[in-house]
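What follows is a short report on a single structure.
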There are 2 protein chains.
Amino acid sequence: MNAMSPGPVTLQDVANEAGVSLATASRAFNGSTRKVRQDLQERVLIAAAKLNYAANGPAQAMARGRTNVVGLIVHDIADPYFAAIAAGVMRAAEEAHLLVTLGSTMRRPERELDYLQVLRGQRSRAVILAGSRVDDPELLARLREECEAFERAGGRVVVISQQKLPLDTLVVENRSGAKALAQQLASLGYQRFAVLAGPARLLTARDRVQGIREGLAAVGLPAPVVLHGAFTRDGGHDAMSHLLESRAEVDCVVAVNDVMAVGAMAACRDAGLHLPRDVALAGFDDIATLRDVHPKLTTVRLPLERMGEIALELVTTASAGGAHRTRRIRGEVLIRESTPRHSAR
Amino acid sequence: MNAMSPGPVTLQDVANEAGVSLATASRAFNGSTRKVRQDLQERVLIAAAKLNYAANGPAQAMARGRTNVVGLIVHDIADPYFAAIAAGVMRAAEEAHLLVTLGSTMRRPERELDYLQVLRGQRSRAVILAGSRVDDPELLARLREECEAFERAGGRVVVISQQKLPLDTLVVENRSGAKALAQQLASLGYQRFAVLAGPARLLTARDRVQGIREGLAAVGLPAPVVLHGAFTRDGGHDAMSHLLESRAEVDCVVAVNDVMAVGAMAACRDAGLHLPRDVALAGFDDIATLRDVHPKLTTVRLPLERMGEIALELVTTASAGGAHRTRRIRGEVLIRESTPRHSAR
DNA sequence: TTGTACGCGTTATCAG
DNA sequence: CTGATAACGCGTACAA
């Protein structure tokens with residue numbers, strides 16, 4: 001149109017177009033403490049629209065000392081668990097007029113440190129660390145340092161999973177959820193359990209295994225067979241295959257997440273087994289995309305999208321007195337077709 | 001540690017610590033055209049590490065006139081189709097040392113315009129528009145304007161789906177893929193088709209319906225029954241329910257994506273139908289998480305993660321002479337258990 | 001209420 | 001090769 005300047009249109013251009021000063025344009029275009037006369041306000045807005053002005057984010061960030069960006073760090077955005085959390089974060093971020101920078105660590109915990117540092121440099125307002133912590137004291141110490149550096153730089157940090165650091169945290173009650181699941185499965189008549197346990201050092205996986213152990217012990221059942229593997233579909237498939245090869249006497253298999261459970265289902269079919277007749281199977285998370293698998297999977301529902309929303313809400317609200325806040329996220333046991341009532345042989 | 005300054009540590013702090021000028025610190029810490037003496041280089045790097053310095057992104061963006069951020073705009077990050085594309089984008093972005101700002105439009109096309117404007121303001125280096133275009137000339141015109149504004153501001157735009165704008169585009173060959181699918185299904189013996197068609201104005205859905213129509217026509221079969229609905233699990237479930245209520249004589253149902261197909265499977269089971277005995281079913285996309293549903297779903301595989309990678313590669317490489325580039329993405333028909341060989345009654 | 005002028009942290013230009 | 005300094009675009013004390 002009438003863009004004489006070579007580069008993008010600046011607030012100065014808008015001010016000129018509206019016939020006001022740069023300061024007035026600034027105050028008019030985004031709410032400032034100071035008030036602007038009605039007619040000037042309108043003139044600025046009209047000029048901005050006419051020139052298709054978009055405020056220069058980096059410049060605003062410089063002047064204000066912070067951005068409207070929050071970082072979201074997940075283990076793997078292709079995993080529906082994290083995709084669901086991300087969806088909740090995005091929904092809440094839209095309402096709060098915040099931009100989300102995504103980090104996907106490909107399940108390498110060290111990558112969290114890199115992202116944290118970069119996001120600190122970007123002057124991100126906050127970071128949401130979604131995803132299980134890992135049992136590694138040295139890594140945890142370095143993570144603590146990075147989080148502290150991030151907070152010193154004026155940012156907030158929210159963690160979703162375990163409370164291992166003095167930060168705002170959504171504590172996912174994996175252990176009690178798994179315990180309740182085990183107890184309900186026991187009450188259905190199952191007695192010999194196996195657990196497809198995920199990686200040994202992943203705390204979410206470990207907590208769930210522990211909960212199952214406790215639940216079985218609480219009702220006087222023997223400890224389960226435990227098989228470790230990746231926290232993925234293939235991990236579930238492989239662990240189940242090993243279990244079948246071992247010819248262990250088992251009537252109920254619990255995978256520590258739904259994605260693994262689906263892999264386990266495939267392994268059972270590969271071996272010619274019929275579910276749930278030959279073996280019962282349960283998962284964890286209640287992944288939306290997997291609610292229609294057949295037989296319908298018994299699982300523990302986690303409010304994943306809501307968790308993302310809550311995390312972003314924590315980010316946008318100040319904590320009283322700088323104390324870190326805790327939100328407990330409880331799972332809900334859903335008994336479905338994959339674990340019918342069982343009569344012990 | 002020895003941080004005297006109240007706020008975050010700046011490059012000036014690093015320069016002081018290293019006993020060099022600000023300019024030298026700048027040149028040493030990030031590659032510049034000009035060279036820095038080896039020992040000074042090291043002193044700067046050591047000082048930066050000691051102070052845990054993280055370069056101020058917004059300040060760099062101001063000085064350089066652009067950022068290391070690319071925007072990724074999807075319809076719904078919780079949809080595994082987009083989550084897979086996002087995973088590919090993230091992997092390639094990590095290699096290229098680019099940050100990704102995520103936009104999720106919640107399937108409202110107008111939101112793309114908002115994100116585009118904001119990302120332009122953020123001085124994003126580029127934006128990837130993932131997701132089907134919509135049949136709406138006015139919207140398309142506004143989108144074209146926003147994309148042009150974005151490019152005038154120095155950014156690049158890549159589109160994944162249909163080539164509707166003069167931009168770098170990954171053209172997904174939905175029509176030919178669907179046509180090939182229909183023909184292969186016909187060769188298996190199916191004769192009376194229904195299509196769960198998705199929203200009428202969504203071009204991806206429409207192209208796939210059109211391809212199926214062409215495939216059937218090419219082999220002399222009658223046109224399919226077409227039922228529209230949402231591009232989601234519930235959309236597939238509802239459309240299938242309506243189809244069953246209509247008591248139409250159909251031996252093969254094609255859903256225009258896998259997520260809808262899974263919803264349709266659930267609807268069949270709700271109605272007491274057995275798959276694939278009572279009706280055959282096919283989808284589109286080959287969503288990883290759904291590869292283990294039973295019966296295994298016939299579908300058209302799209303290289304979703306690779307598509308994300310390619311999109312980011314287009315973003316990072318300059319196009320010769322400013323001409324826009326096209327990458328054709330072909331689907332691969334995968335016949336699986338949900339559509340066994342069929343003998344017409 | 002409006003305008004002027006300075007500062008934010010970094011890069012790039014120009015002297016040395 | 002190194003150092004001083006002028007941008008970059010915006011927010012905001014301060015002055016009018």
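We name chains A, B, ... by the order of the sequence lines, and we start the count at 1 in each one.
Sorted by first and then second residue, the ring pair (Phe, Tyr, Trp, His ring centres under 6.0 Å) pairs involving residues 125-159 of chain B (not counting sequence neighbours) form an empty list. For residues 67-78 of chain B, the set of pairs meeting the side-chain hydrogen bond (donor to acceptor under 3.5 Å, both in side chains) definition, not counting sequence neighbours, comprises B/Asn68-B/Arg125.
The C1' atoms of five pairs define one axis at each end of the helix from C/dT1-D/dA16 to C/dG16-D/dC1, and these two axes lie 40° apart (to 10°).
With sequence neighbours excluded, no residue satisfies side chain to side chain donor-acceptor pair (under 3.5 Å) with B/Arg123. Residues forming a side-chain contact (heavy atoms from CB on, under 4.5 Å) with B/Gln41 (at least two apart in sequence, or on another chain): B/Ala28, B/Val36, B/Leu45. Contacts of B/Glu112 classified as side chain to side chain donor-acceptor pair (under 3.5 Å), with partners at least two apart in sequence or in another chain: B/Arg133. When the salt bridge (Lys or Arg N to Asp or Glu O under 4.0 Å) test is applied to A/Asp168, the partners found at least two apart in sequence or on another chain are A/Arg156, A/Arg325. Under the rule for a side chain to side chain donor-acceptor pair (under 3.5 Å), the partners of A/Asn16 that lie at least two apart in sequence or sit in another chain are A/Gln12. Remark: B/Thr326 pairs with B/Gln163 by the side chain to side chain donor-acceptor pair (under 3.5 Å) rule, at least two apart or across chains.
Map B/Asn56 and A/Arg37 each onto its nearest nucleotide of DNA chain C; the residue landing nearer the 5' end is A/Arg37. Mapping B/Ala23 and A/Ala54 onto DNA chain D via the closest heavy atom, the residue that lands nearer the 5' end is B/Ala23.
Here A/Tyr53 reaches the OP1 or OP2 of D/dC10: one of its side-chain N or O atoms lies under 4.0 Å away. The side chain of B/Ser26 contributes an N or O atom lying less than 4.0 Å from OP1 or OP2 of C/dT11. Taking 4.0 angstrom as the limit, A/Thr24 places a side-chain polar atom (N or O) nearer than this to OP1 or OP2 of C/dG3. A sub-4.0 Å separation between OP1 or OP2 of C/dG9 and a side-chain N or O of B/Thr10 is absent.
Listed by residue number, the members of residues 42-49 of chain A with any heavy atom below 4.0 angstrom from DNA chain D form an empty set. Of the residues in residues 59-71 of chain A, A/Ala59, A/Gln60, A/Met62, A/Ala63, A/Arg64 come within less than 4.0 Å of DNA chain D through at least one heavy atom, sorted by number.
As a whole-Å value, the separation of A/Leu11 CG from C/dG3 P is 13 Å. The CG atom of A/Asp39 sits 12 Å away from the P atom of C/dT1 (whole-angstrom rounding). Between the C1' atom of D/dC10 and the CG atom of A/Asn16 lies a distance of 15 Å, rounded to the nearest Å. For the pair A/Arg27 CZ and D/dG9 P, the interatomic distance rounds to 20 Å; values are reported in whole Å. Rounded to whole Å, the distance from CZ on A/Arg120 to C1' on C/dG9 is 15 Å. The CZ-P distance, from A/Arg123 to C/dC8, rounds to 13 Å in whole Å. In this structure, the CG atom of A/Asn30 is 8 Å from the C1' atom of D/dG11, given to the nearest Å. Protein atom CD of B/Gln12 is 14 Å distant from nucleotide atom C1' of C/dG7, rounded to whole Å.
A/Ile77 and A/Val74 make their closest contact through N-CG2, 3.8 Å (heavy atoms, listed as atom of the first residue, atom of the second, distance).
In this structure, B/Phe29 reaches neither bases nor backbone, as no heavy-atom distance under 4.0 Å exists between it and the strands shown. At the heavy-atom level, A/Leu40 lies under 4.0 Å from the strands shown only through sugar-phosphate atoms.
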For residues 85-103 of chain B, tabulate all N or O donor-acceptor pairs below 3.5 Å that involve a side-chain atom, not counting sequence neighbours.
unit_1  : atom_1 : unit_2   : atom_2 : d
B/Arg91 : NH1    : B/Glu309 : OE2    : 2.7
B/Arg91 : NH2    : B/Glu305 : OE1    : 2.3
B/Glu94 : OE1    : A/Arg108 : NH2    : 3.1
B/Glu94 : OE2    : A/Arg108 : NH2    : 2.9
B/Glu94 : OE2    : A/Arg111 : NE     : 3.1

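Side chain of B/Ser26 to backbone of B/Thr24: no donor-acceptor contact under 3.5 angstrom is found.
No donor-acceptor contact under 3.5 angstrom links the side chains of B/Asn52 and A/Arg152, judged on distance only.
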